Amino acid sequence: MSEHPDAPKERPARGAPRGTVVELVRLILVALFAVAGWQIAGAIRVDEGQILLGIVLGSAIGYVLGGIVGRRTVVAVSAAEREIRKIPPSELLAGSLGLVVGLVVSVLLSFILFRFPPEVGFPVSAFLTVVLSYLGYRVGRGVHQELFGLFGLKPRAAGVRPGEVNVLDTSALIDGRILDVVGAGFLTGTFLVSRGVIAELQSIADASDPRRRARGRRGLDVLEVLQASPAIEIAVIDEPPSGDVDADLVRLARERGGALVTTDANLAK
């Protein structure tokens, strides 16, 4: 019997791994609070029935808190995953190397700090570990081009083949025909959108001229449709603009090894 074309198709249970994480966190907290209840009941020297009650109460508290902490953990991990996916692999790798260097430096300094009283040495050591790790990550991301250049490598935006990285210009988004080109499969891969382009679209959409305002809103709507398209991936680049959007787009296309998609004849030249 053939399946009706409009019949709903089964989708994989995407919530299964999240539920597993929640239950795992809950199990850990139940065990910890059960042991804590047993320890507290034993410390106050009560009979066996009260010790059992302490274990049960501790398990109940761990069960409730485990669900809350588990769900918060899943939300935090999902948010972190979305942010990490926006970072080009070359920057992520360079930042990770910088983080490791920061950790090594903090460990070396900790050997000196541990000679001080614990009340001073441990807090200062923990503070330096956090600061140096974050500083190393930021510096590594900032000099990733020079770092890979030392080994004769030219990092790409997402580690893909040439022609699969495209930098979108404001004019291409306002024009709107990019939707037809993407829908026809002529352009695929990763599309990079700089913060300067988004700011320019928002500025046009807030203009007092109705025609100009309509063009800006159309560009924002096109960007929203592209973000929802399963055929491509939109990555927003958080690099600070220099004030010249066109120059920033050309530099971004050169650095990331991508093609500049624009309807502006002067920019295309």
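Note that this is a predicted model, so its numbers are computed, not measured.
- Sorted by first then second residue, the side-chain hydrogen bond (donor to acceptor under 3.5 Å, both in side chains) pairs that include residues 168-181, not counting sequence neighbours, are D169-S171, D169-T262, T170-E200, S171-T262, S171-T263, D175-R177.
- Under the 4.5 Å side-chain heavy-atom criterion for ILVMFWY residues, no single connected hydrophobic cluster contains both V74 and L27.
- Other residues sharing the hydrophobic cluster of V100, ordered by chain and number and joined by side-chain separations under 4.5 Å: V104, L108.
- Closest approach of G66 to V25, counting heavy atoms only: O-CG1, 4.0 Å.
- Nearest heavy atoms, L223 versus I234: CD1-CG2, 4.4 Å.
- Residue V130 is not grouped with residue V124 when hydrophobic side chains (ILVMFWY) are merged at heavy-atom distances under 4.5 angstrom, including chains of intermediate members.
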Audit row: D221, R218, salt bridge (charged side-chain N to carboxylate O under 4.0 Å, His left out) steps and yes/no
CA-CA 5 Å; D221 291 339; R218 182 170 66 247; over 6 Å; no

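- Taking the side chain as every heavy atom from C-beta outward, L109 and L132 approach each other to under 4.5 Å.
- Side-chain contacts under 4.5 Å among hydrophobic residues (ILVMFWY), followed directly or transitively, place Y63 together with V30.
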I'd like to know whether I204 forms a side chain to side chain contact (heavy atoms under 4.5 Å, CB included) with I174, so could you lay out the CA-CA distance, the side-chain angles of the two residues, the decisive distance to 0.1 Å, and finally the verdict.
CA-CA 10 Å; I204 297 174; I174 293 177; 3.9 Å; yes

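- Neither I68 nor F33 shares a network with the other; the hydrophobic side chains, linked directly or stepwise wherever heavy atoms of I, L, V, M, F, W or Y lie under 4.5 Å apart, form separate groups for each.
- Residues passing the side chain to side chain contact (heavy atoms under 4.5 Å, CB included) test with D209 are R211, R212, sequence neighbours excluded.
- Both V181 and F191 belong to a common hydrophobic cluster when Ile, Leu, Val, Met, Phe, Trp and Tyr are linked at side-chain heavy-atom distances under 4.5 angstrom.
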Tell me, with the steps shown, if L267 and V250 meet side chain to side chain contact (heavy atoms under 4.5 Å, CB included).
CA-CA 8 Å; L267 182 59; V250 173; 3.9 Å; yes

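- Applying the ring pair (Phe, Tyr, Trp, His ring centres under 6.0 Å) rule to F122 yields the partners F114; only residues at least two apart in sequence or on another chain are considered.
- L57 belongs to a hydrophobic cluster whose other members, connected by ILVMFWY side-chain contacts under 4.5 Å either directly or through intermediates, are L53.
- Once rounded to the nearest 0.5 Å, the distance linking CG of L252 with CG of L168 reads 10.5 Å.
- For S96, the side-chain hydrogen bond (donor to acceptor under 3.5 Å, both in side chains) test picks out no residue, with sequence neighbours left out.
- Remark: V107 pairs with F111 by the side chain to side chain contact (heavy atoms under 4.5 Å, CB included) rule, at least two apart or across chains.
- Every residue meeting the salt bridge (charged side-chain N to carboxylate O under 4.0 Å, His left out) condition with R26, not counting sequence neighbours, appears here in chain and number order: E23.
- In the hydrophobic clustering of ILVMFWY residues, with side-chain heavy atoms under 4.5 Å counting as a link, F186 and V165 come out together.
- Looking at every heavy atom in both residues, A235 comes nearest to T190 through CB-CG2, 4.3 Å.
- By the 4.5 Å side-chain criterion applied to Ile, Leu, Val, Met, Phe, Trp and Tyr, Y134 is assigned to no cluster and stands alone.
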Could you walk me through whether L128 and L113 pass the side chain to side chain contact (heavy atoms under 4.5 Å, CB included) check?
CA-CA 10 Å; L128 285 179; L113 294 173; 3.6 Å; yes

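- Nearest heavy atoms, G140 versus A94: O-CB, 3.2 Å.
- No side-chain donor-acceptor contact under 3.5 Å links S203 to the backbone of A199.
- Applying the side chain to side chain contact (heavy atoms under 4.5 Å, CB included) test to Y137 and every residue at least two apart in sequence or in another chain returns I87, L92, L99, R141.
- Within the structure, the side-chain hydrogen bond (donor to acceptor under 3.5 Å, both in side chains) test picks out no pair touching residues 66-77 (sequence neighbours left out).
- Atoms CG and CG, from L220 and L173 in turn, are 8.5 Å apart once rounded to the nearest 0.5 Å.
- Minimum heavy-atom separation, L103 to S133: CD2-OG, 3.0 Å.
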